[in-house]
Amino acid sequence: MKKSLISLIACLFLIPLFATGVMAAGKGQGKEVSTTVMSYNIHHGVGIDGQLSLQRIADVIRDSGAEIVGLQEVDRHYGERSDFKDQAKELADLLGYHYAYGANLDLEPGEGQTTVNTGQPS
């Protein structure tokens, strides 16, 4: 419950940051920039063929050109279905991205499931 509340509060703080960036475009002394954002439910790394492949997911993300990626259903030491891996870290390493992981499930033996990866410096 506490982790869910923390995740909700974090989201409430992040949404205004994105909205402010959009509203501020074209105002002030700075130059306008564009950012590509992607949202992707990776289904704990398993494709429609039933195969677990984080490399394949990393290739899709890389090919998209997205600078900021919000991922859902990301496992962290969760179980056999994902080989007990820290998928957020592994994907970030494969892509050369920074990442932040927030568990919204805290079940034995691991946790899941939301992460934000970015190609920009943290």
Side-chain angles (χ1 to χ4, degrees):
M1 178 67 178
K2 185 177 179 182
K3 286 185 180 185
S4 295
L5 182 60
I6 291 170
S7 295
L8 175 63
I9 291 170
C11 286
L12 291 175
F13 282 107
L14 286 174
I15 290 170
L17 291 176
F18 289 113
T20 302
V22 172
M23 290 186 293
K27 299 182 182 196
Q29 302 300 317
K31 68 176 188 173
E32 188 173 323
V33 296
S34 63
T35 300
T36 306
V37 179
M38 175 185 195
S39 178
Y40 188 5
N41 183 326
I42 68 164
H43 300 284
H44 56 271
V46 176
I48 59 172
D49 60 0
Q51 299 299 309
L52 174 66
S53 175
L54 293 181
Q55 181 61 58
R56 182 169 50 186
I57 290 169
D59 291 344
V60 170
I61 294 169
R62 187 179 298 105
D63 291 347
S64 78
E67 298 166 292
I68 299 171
V69 184
L71 302 175
Q72 301 84 45
E73 291 194 45
V74 180
D75 286 357
R76 183 171 184 228
H77 312 296
Y78 186 77
E80 289 181 29
R81 74 180 191 177
S82 54
D83 292 335
F84 295 94
K85 292 182 179 181
D86 182 343
Q87 293 184 325
K89 181 181 182 334
E90 188 168 330
L91 283 168
D93 290 346
L94 287 168
L95 293 162
Y97 280 17
H98 300 277
Y99 76 100
Y101 179 88
N104 58 4
L105 294 176
D106 190 10
L107 305 171
E108 293 297 327
E111 39 185 44
Q113 307 214 4
T114 304
T115 186
V116 175
N117 293 35
T118 175
Q120 302 297 318
S122 54

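FYI, side chains are in, hydrogens and waters are out, and symmetry mates aren't considered; it's all heavy atoms of this structure. None of the values given here were measured: they were computed from a predicted structure. Along the sequence shown, residues carry numbers from 1.
- Rounded to the nearest 0.5 Å, atoms CG (Leu71) and OH (Tyr101) are 11.0 Å apart.
- Pairing each heavy atom of Gln87 with each of His44, the nearest pair is NE2-O, 2.9 Å.
- Judged as a side-chain contact (heavy atoms from CB on, under 4.5 Å), and not counting sequence neighbours, Asp63 has no contacts.
- When the side-chain contact (heavy atoms from CB on, under 4.5 Å) test is applied to Thr36, the partners found at least two apart in sequence or on another chain are Ala66, Glu67.
- Between Asp59 and Arg56, no side-chain nitrogen of the basic residue sits less than 4.0 Å from a carboxylate oxygen of the acidic one, so the salt-bridge criterion is not met.
- Remark: side-chain polar atoms of Arg81 are not paired, donor with acceptor, to backbone N or O of Val46 under 3.5 angstrom.
- The side chain to side chain contact (heavy atoms under 4.5 Å, CB included) with Val74 is formed by just one residue from the set Ile42, Asn41, Asp86; it is Ile42.
- One finds the CG atom of Leu91 at 10.0 Å from the CZ atom of Arg62 (value rounded to the nearest 0.5 Å).
- A donor-acceptor distance shorter than 3.5 angstrom exists from the side chain of Asp49 to the backbone of Gln51, with no hydrogens or angles considered.
- Not one N or O on the side chain of Asp75 forms a donor-acceptor pair closer than 3.5 Å with the backbone of Tyr78.
- With sequence neighbours left out, Ser53 forms a side-chain hydrogen bond (donor to acceptor under 3.5 Å, both in side chains) with no residue at all.
- Here Tyr97 contributes atom OH and Ile61 contributes atom CD1; the two are 7.0 Å apart, rounded to the nearest 0.5 Å.
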